[in-house]
Amino acid sequence: QKEVEQDPGPLSVPEGAIVSLNCTYSNSAFQYFMWYRQYSRKGPELLMYTYSSGNKEDGRFTAQVDKSSKYISLFIRDSQPSDSATYLCAMSSPSGGSYIPTFGRGTSLIVHP
Amino acid sequence: DAGVTQSPTHLIKTRGQQVTLRCSPKSGHDTVSWYQQALGQGPQFIFQYYEEEERQRGNFPDRFSGHQFPNYSSELNVNALLLGDSALYLCASSLARGRTNEKLFFGSGTQLSVL
């Protein structure tokens with residue numbers, strides 16, 4: 001079993017839909033939880049960054065962390081074609097004096113007009 | 001403000017050859033991490049450099065080596081290339097803040113193809 005599990009998709013939705021992206025994990029030591037967006041032939045870009053459990057909102061994006069269930073989510077409201085990308089979840093715990101994120105494999109999202 | 005820059009953008013090598021990839025971190029950052037991303041997979045951590053030393057290493061063979069220079073830029077070297085080394089190699093920079101999580105800023109990567 002991988003430490004971080006993420007459905008690769010693709011997830012195809014119409015413009016304006018609410019998108020839900022999810023990851024599960026097995027390592028209870030993870031403390032920081034992140035979502036990255038990666039466009040084709042580009043590097044990942046940090047979207048959301050949360051510590052421990054709870055919700056965090058930033059514009060159309062909401063990140064949720066449920067440590068008791070080892071489950072994290074990213075919600076995108078009013079999705080746009082420009083949101084079409086691969087979304088990577090990542091999480092980290094202290095190890096050897098630094099926090100090295102472990103990434104999921106990414107979910108491909110397609111928002112069609 | 002320049003972000004993370006990587007060179008070259010694309011590279012084609014043959015099995016057994018050696019390759020060097022380069023990275024300049026975002027201005028103000030002092031830590032560089034290297035990741036390998038195979039097609040359809042998430043980035044896999046190779047190693048991290050801080051203060052010109054390798055601080056952490058992932059599960060990669062010692063064919064993968066690196067270096068950090070006094071200006072914080074970094075190189076990734078891969079010897080005896082295998083077909084399986086074909087991937088996107090990502091450099092990420094961050095600012096070390098002691099014992100706390102560092103936000104990573106990624107470059108666009110170097111696409112390495114091994115034939």
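The sequence lines fix the lettering, A, B, ..., with proteins before strands; numbering per chain opens at 1.
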Between [X] and [Y], is there shared hydrophobic-cluster membership here, with clusters defined by ILVMFWY side-chain heavy atoms closer than 4.5 Å?
{"X": "L11(A)", "Y": "V4(A)", "answer": "yes"}
{"X": "M34(A)", "Y": "V4(B)", "answer": "no"}
{"X": "L81(B)", "Y": "Y89(B)", "answer": "yes"}
{"X": "F64(B)", "Y": "L11(B)", "answer": "yes"}

Heavy-atom closest contact (L46(A) atom, L104(B) atom, distance): CB-O, 4.3 Å

Least distance between heavy atoms, K42(A) atom then L88(B) atom: O-CD2, 4.4 Å

Take atom [atom1] in [X]; do more than 12 heavy atoms of anything else shown fall under 6.0 Å from it?
{"X": "N59(B)", "atom1": "CG", "result": "no"}
{"X": "R63(B)", "atom1": "CZ", "result": "yes"}
{"X": "F30(A)", "atom1": "CZ", "result": "yes"}
{"X": "R41(A)", "atom1": "CZ", "result": "no"}
{"X": "I12(B)", "atom1": "CD1", "result": "no"}

Interchain contact, Y51(A) with chain B, by part (heavy-atom threshold 4.5 Å): neither

Toward chain B, the part of Q38(A) with a non-hydrogen atom under 4.5 Å: side chain

Flag side-chain contact, heavy atom, 4.5 Å: E45(A) against F106(B): no

Euclidean distance, Y99(A) OH relative to K103(B) NZ, rounded to 0.5 Å: 14.5 Å

Closest-packed option against chain B by number of heavy-atom pairs under 4.5 Å, given P44(A), G106(A), G43(A): P44(A)

Chain A-proximal positions within residues 29-49 of chain B [heavy-atom distance under 4.5 Å]: Y35(B), Q37(B), G40(B), Q41(B), G42(B), P43(B), F45(B), Q48(B)

